[in-house]
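Counting starts at 1 for both ligands and their atoms, following the listed order.
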Amino acid sequence: MTDPAAHFLPFARPDISEAEVCAVIDALRSGWVTTGPKARAFEEAFSHFLGGAVQAIAVNSATAGLHLALEALGIGPGDEVIAPTLTFTATVEVVRYLGADPVLVDVDPLTLNIDPAKIRAAVTPRTKAIMPVHYGGLSCNMDAILTIAREHGLKVVEDAAHALPTTYQGQLVGQLASDVTVFSFYANKTITTGEGGMAVTRNPQLADRMRVMRLHGMSRDAFDRFTSKTPAWYYEVVAPGFKYNLTDIAAALGLVQLQRLPQFLQRRQHLATRYQKQLAGLPLVLPADAPAGDVHAWHLYVVRLTSSARMGRDELIQALSDRGIGTSVHYVPLHRHPYWRDRYGLSPEQFPHADAAYQSMVSLPLFTAMQDSDQDRVIATLHELLA
Ligand SMILES: *Cc1c(COP(=O)(O)O)cnc(C)c1O
């Protein structure tokens, strides 16, 4: 018998080609390793990718970008920010950084995206912002969310960590009418810089504030615009900022990954389509496709066991692992984590759809460097275990 560990198929793996290796080596040899020309070029390429009407602010994580976005929007103590419970803790930990309170709501059972009706019901006089998360790479119902925001004078910050590239009614996420949209370049995301992120906005005031706060609250860039005779050593600190800038080493990697994004998307779409076809008929709820004409980024491929399945979620994950197949769970909903549960007195009954999804869900391997034959093995194993 072959040792399954020798053939272990991970749930995700970054796709780094020789081009990225060369680009990083160039950055290292250039003598400029921190934020500089490569980071600037990455921002410009990213803005161009989104049609050029947005400013892009490169940061060292999406978490940093989300923090900067809420800070620039003036979110502070006493404010409430509405977000889904079925997300990574980073979405809302940044709300707490600013002393404000996240208000978690349930998701739509079909898409697993935040349910606009639940947002509407959660609005109070303290509500300042909504943070939709495009779960798995499928866009939220942005019309409904932006309508609620307009009606109540709320800001919208999109957590687009899964949504590169995702479209909503033909427009890319990042081009929509929200205030700020934040992408992640973490190792398992659709493109990676190791660690990194990008905040994009059409609002120049927000862009300026995020740029200043990204680097210690130093106003050098803004100051330069007024007095070009200022000596190079001079800067002014205008706020206690953060250290959130992206290095040129990471940006060099990101520039190549962004060029490869169209091929990455094609590969993800190919793999997702095969899963959709070949897992049909098993006791699984398969992920919702994007509406006709729209793009699903397929960052994740999340299936849910139906109640007629012959095994539960934990047993399935173990059986797959025993057969050399890695999976994950996205996510243990926030209402089940001790910090969020205890601080806000949350219980599963308040979030029936997210909680039921959590208890039955498995994220299957989906990454661009995965071979069709790897996927065939996942599909065959699921048939063996569940059919
Ligand atoms: C990955 C992720 C983040 C955080 O991204 P980082 O770049 O690691 O900070 C935030 N929200 C969601 C939904 C994510 O999946």
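- In this structure, the side chain of Arg313 engages the main chain of Tyr358 through a donor-acceptor pair within 3.5 Å.
- Using modelled atom types, one finds a donor on one side chain and an acceptor on the other under 3.5 Å when comparing Gln276 with Tyr301.
- Evaluation of the salt bridge (charged side-chain N to carboxylate O under 4.0 Å, His left out) test over residues 119-138, restricted to residues two or more places apart or in two chains, returns Asp79-Lys128, Glu80-Arg126, Asp101-Arg126, Arg120-Glu151.
- For the atom pair CG of Asp106 and CD of Glu349, the computed distance is 12.0 Å after rounding to the nearest 0.5 Å.
- Protein residues having at least one heavy atom under 4.0 Å from any atom of ligand 1 are Ser61, Ala62, Thr63, Thr87, Phe88, Ala90, Thr91, Val133, Asp159, Ala161, His162, Ser184, Tyr186, Lys189, Gly196, Tyr331, listed by chain and number.
- For the residue pair His330 / Ser363, a side-chain donor-acceptor distance below 3.5 Å is found, with atom types taken as modelled.
- Side chain to side chain, Glu44 and Ser47 fail the donor-acceptor criterion of an N or O pair below 3.5 Å.
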